[in-house]
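Order of appearance sets the numbers: ligands from 1, and atoms from 1 within every ligand. Just so we're clear, the structure is a prediction, and the values are computed from it rather than from any experiment. Basis for what follows: all heavy atoms, side chains included, without hydrogens, waters or symmetry-related copies.
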Amino acid sequence: MRIIETVVEMQAFSREARKNGKTIALVPTMGYLHEGHASLMVEGKKRADILVASIFVNPTQFGPTEDFDAYPRDLERDRNVAVAAGVDVIFAPKASDMYPRGFQTFVAVEELTRHLCGASRPGHFRGVTTVVAKLLNIVMPHVALFGKKDFQQLAVIRRMAGDMNMDVEIVGMPIVREADGLAMSSRNAYLGPEERKSALCLSRALATARALFRDGECRVATLREKVLRIIGEVPGATIDYADFRDSETLEAIETANGQTLIALAVTIGTTRLIDNCILGEEN
Ligand code: AMP
């Protein structure tokens, strides 16, 4: 496995690979890799000749009071996970190479970013779409894979790629969970032992709402009340949002169906966690 640290070298690598008729898959990450990331990589490897994983803690998607400095970083550990998952190239650029002096161009998706995480984290998606657009231009993949754990992010990136006629297939992959249901996340590393237990309220609330829906309950007000109660009972859990939305448009709805998205953002202590499910799906 090769580690490439500059934009110029990465572009040269991809240009050469494409010239030789090779297909490229890209998995963009912020590192501190876990099995969720690995599942994207394993699928990427199946879909292309060359698998590139980027590791870049992107400063432009963090707000001024967010955890950019504290975000866990461990390239040595990431290297092992990446090798095991079949990565051919890790692209790990420096922020000064991605955003050199004078940088002033941003990509922004409008309506889809107005609610959910877009409302609680102003500027977050503008940073995400800008860095993903740059990564797509640099790595020039045929296919790029993203997790449904960040459901809104996936929707926003699909929209950007479509609206901007980007010549890349965007693939969404299922959420990978710990055995007890907690969605895997690099930020889980922040949780102390008691918080780790409290964090289960997200997946528990989603599972309960799904079970009620399966038993015939379609009223969002009733389902939402149950979700709020389960999370509200947990000490140290603060709800940022618990929203029921159409999974295509992300518009709020009042009557649930199999395609309804439940999206949660909950702070446990000081750690903000997100999770989601589609009511009619297994995951
Ligand atoms: P991150 O490093 O957190 O920015 O995530 C990089 C990619 O991995 C994004 O597309 C995430 O949606 C995806 N991802 C993170 N956690 C999971 C998970 N538990 N299951 C599936 N995909 C995930």
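The shortest non-hydrogen separation linking Phe151 to Ser247 is CE2-O, 3.5 Å. Heavy-atom minimum distance, Val168 versus Ala144: CG2-N, 3.9 Å.
Gly147 CA, 3.5 Å is the protein heavy atom nearest to atom 22 (N) of ligand 1. With hydrogens left out, the protein atom closest to atom 4 (O) of ligand 1 is Met30 CG, 3.6 Å, a heavy atom. Counting only heavy atoms of the protein, atom 23 (C) of ligand 1 lies nearest to Lys149 CB, 4.0 Å. Atom 21 (C) of ligand 1 has Pro174 O, 3.4 Å as its closest protein atom, hydrogens excluded (heavy atom only).
By the 3.5 Å distance cut-off applied to N or O atoms, Asp150 is counted among the residues near ligand 1. In terms of N/O distances under 3.5 Å, ligand 1 is not approached by Pro28. Ligand 1 has no N or O atom lying under 3.5 Å from any N or O atom of Phe146, backbone or side chain. At least one N or O atom of Val176, backbone or side chain, sits closer than 3.5 Å to an N or O atom of ligand 1.
Within the cation-pi definition used here (under 6.0 Å to the ring centroid, within 45° of the axis), Arg73 qualifies as a partner of Phe68. In this structure, Lys94 fails the cation-pi test against Tyr99, since its NZ or CZ atom is not both closer than 6.0 Å to the six-membered ring centre and inside 45 degrees of the ring normal.
Taking a cutoff of 4.0 Å between a charged side-chain nitrogen and a carboxylate oxygen, Glu233 and Arg229 do not qualify as a salt bridge. Ionic pairing of Asp67 and Arg272 is not present here: no N-O contact between side-chain nitrogen and carboxylate oxygen is shorter than 4.0 angstrom. A salt bridge links Arg196 with Asp180; the closest basic N to acidic carboxylate O contact falls under 4.0 Å.
The closest approach between a heavy atom of His34 and any atom of ligand 1 is below 4.0 Å. Contact between His37 and ligand 1 is present, with at least one heavy atom of the residue lying under 4.0 Å from the ligand.
In this model, no donor atom of one side chain and acceptor atom of the other lie less than 3.5 Å apart for Tyr71 and Asn58.
Ile262 places none of its side-chain heavy atoms less than 4.5 Å from the side chain of Asn276.
Taking each of Phe151, Tyr32, Tyr71 in turn, the one with a heavy atom nearest to atom 3 (O) of ligand 1 proves to be Tyr71.
Taking a cut-off of under 4.0 Å to the non-hydrogen atoms of Met184, the atoms of ligand 1 that pass are 16 (N), 17 (C), 18 (C), 19 (N). Counting the atoms of ligand 1 from 1 in the order shown, those under 4.0 Å from a heavy atom of Leu40 are 7 (C), 8 (O), 10 (O), 13 (C), 22 (N). Within the listing of ligand 1, atoms 20 (N), 21 (C) sit less than 4.0 angstrom from a heavy atom of Ile175.
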